[in-house]
Amino acid sequence: MYQRSVAVNKLALSNSRSPALAPISPRRELGAYEALFLEQGATFKRLAERFASDPTALPSDFVSPQDADAAAKRTIEKLFASGVKQFGVRIHKAGDYPEKLRHAKYPVELLYYQGAWELSEMRGLAVVGSRKPSEDGARRAARLAKELVKRDFAVVSGLATGIDTAAHTAALEAGGVTIAVIGTPLGEYYPKENRDLQDHIAREHLLISQIPVLRYEVQPFQHKRQYFPERNATMSALTEGTIIVEAGETSGTLTQARAALYQGRKLFILESCFQNPAITWPARFEKEGAIRVREPNDIWRALD
């Protein structure tokens, strides 16, 4: 492994592991993270396993300073070209990286964000579901989001069409806090029609991405879909629980359901899902510990 540089610049953070170790440069760690994802066969799983084998390692321990700095320069240029002029990073073992993320099966070492990071410290619940919900499903998502706002919870979702958009929008309309965990890098928009919503959340609330900028740029479109399940696991880890409003039998939402149970988070499934004869997953997850929500108080009782 490469020895960490002892150089200090204005972005350096104190190393929380030991005062005897060199300060951490967010710029270099950002570049090293990006460089690691450019390696052949790199995945979140493989990188998580690599870091798990050396609990003290930082991204820059696996990448030369020259390669890390070059990747950082390219990444920042790409972000600026995409309109991302201000952003921050959270690095495992430094600063305000949320330790609750380590509950994920394959935790990420670095997050990009825009907005007010301190919002991540609020109590939060994820509201997720189908990209093509019924009208009733969209209304349920909006009502839930507004109730969460009343109870001073952050409404967390993934900025997809459908349930995600309904939850984010309702939280904003209610004057609450919303956090978006996206499956693209900062400066990318999926779906395109949520561009204004994403920009508003980035300015006034909190937008989070774990997606490597340089890797994403060179991947074929079909390979980019893999990032959405990965972000679902991170979204679950950031929250106290996940509420599934409506989802089909093969919905990507079920990835988050599995992650929530694995991470020891609450998993709430609305009664309307159980009443849908076309799907079997609600009963299966209830047997594994999910909470059946017949009325809103079923959520609040479980969280007390």
Side-chain angles (χ1 to χ4, degrees), residues 33-34 37 41-48 82 101 103-114 120 124-133 137-138 141 155-169 178-195 197-199 201-202 206-239 241-263 265 267 269 279 281 285:
Y33 177 82
E34 291 284 342
F37 268 101
T43 64
F44 284 105
K45 177 178 182 292
R46 289 177 181 173
L47 287 185
S82 299
L101 283 185
H103 299 163
K105 190 172 185 179
Y106 303 115
V108 296
E109 296 299 309
L110 183 145
L111 292 172
Y112 294 94
Y113 74 93
Q114 290 178 283
S120 69
L125 285 177
V127 180
V128 297
S130 173
R131 285 180 165 83
K132 297 180 179 180
V155 176
V156 185
S157 201
L159 257 177
T161 54
I163 296 298
D164 291 16
T165 298
H168 287 304
T169 302
T178 193
I179 298 171
V181 185
I182 58 175
T184 66
L186 299 183
E188 300 284 343
Y189 300 90
Y190 186 85
K192 300 293 186 184
E193 57 265 31
N194 274 356
R195 183 181 186 118
L197 179 59
Q198 179 170 320
D199 286 344
I201 292 172
L206 179 60
L207 182 73
I208 296 173
S209 173
Q210 69 195 64
I211 313 305
V213 175
L214 301 182
R215 174 72 173 272
Y216 189 91
E217 183 180 25
V218 299
Q219 281 185 302
F221 177 78
Q222 61 268 28
H223 292 173
K224 295 175 181 178
R225 296 175 183 173
Q226 66 180 302
Y227 294 125
F228 290 94
E230 303 288 355
R231 71 86 189 268
N232 285 345
T234 296
M235 190 195 311
S236 171
L238 282 168
T239 61
T242 290
I243 305 171
I244 299 180
V245 177
E246 189 174 281
E249 197 70 20
T250 59
S251 172
T253 300
L254 305 188
T255 300
Q256 186 152 336
R258 289 186 287 271
L261 293 175
Y262 175 87
Q263 296 162 3
R265 304 298 193 264
L267 176 60
I269 304 173
I279 55 177
W281 64 262
F285 281 111

**Prompt:** Relative to each other, are the rings of Y227 and Y216 parallel, tilted or perpendicular (30° and 60° limits)?
**Reply:** tilted
**Message:** Does V245 form a side chain to side chain contact (heavy atoms under 4.5 Å, CB included) with V127? I'd like the steps, not just the answer.
**Reply:** CA-CA 7 Å; V245 177; V127 180; 3.7 Å; yes
**Item:** Derivation and outcome, side chain to side chain contact (heavy atoms under 4.5 Å, CB included), residues F285 and I269
**Value:** CA-CA 9 Å; F285 281 111; I269 304 173; 3.8 Å; yes
**Message:** Could you measure the distance from the CD1 atom of I201 to the NE2 atom of H168? Nearest 0.5 Å is fine.
**Reply:** 4.5 Å
**Request:** Output, in order, the C-alpha distance, side-chain angles, deciding distance and verdict of side chain to side chain contact (heavy atoms under 4.5 Å, CB included) for T169 and T178.
**Result:** CA-CA 9 Å; T169 302; T178 193; over 6 Å; no
**Request:** Answer yes or no: is there a side-chain heavy-atom contact under 4.5 Å between I182 and I211?
**Result:** no
**Request:** Any chance you could measure E249, atom CD, to I279, atom CD1, to the nearest 0.5 Å?
**Result:** 6.5 Å
**Asked** Is any side-chain heavy atom of R265 less than 4.5 Å from a side-chain heavy atom of H103?
**Response** yes
**Complete:** Distance col, row L111:CG vs Y33:OH, nearest 0.5 angstrom, shows 7.0 Å
**Message:** Side chains of T234 and L101, heavy atoms from C-beta outward: is any pair under 4.5 Å?
**Reply:** yes
**Prompt:** Do F228 and Y190 have ring centres separated by under 6.0 Å?
**Reply:** yes
**Message:** Keeping R46 on the side-chain end and G41 on the backbone end, is there a donor-acceptor pair under 3.5 Å?
**Reply:** yes
**Request:** Using only heavy-atom distances, determine whether the side chains of N194 and T161 contain a donor-acceptor pair under 3.5 Å.
**Result:** no
**Item:** E246 and S130 side chains, donor-acceptor separation under 3.5 Å
**Value:** no
**Asked** Below 4.5 Å, heavy atoms only, C-beta onward: do L207 and L159 meet side chain to side chain?
**Response** yes
**Item:** S236 versus Q256, side-chain donor and acceptor atoms under 3.5 Å
**Value:** no
**Message:** Nearest 0.5 angstrom please: Y106 OH to K45 NZ, how far?
**Reply:** 4.0 Å
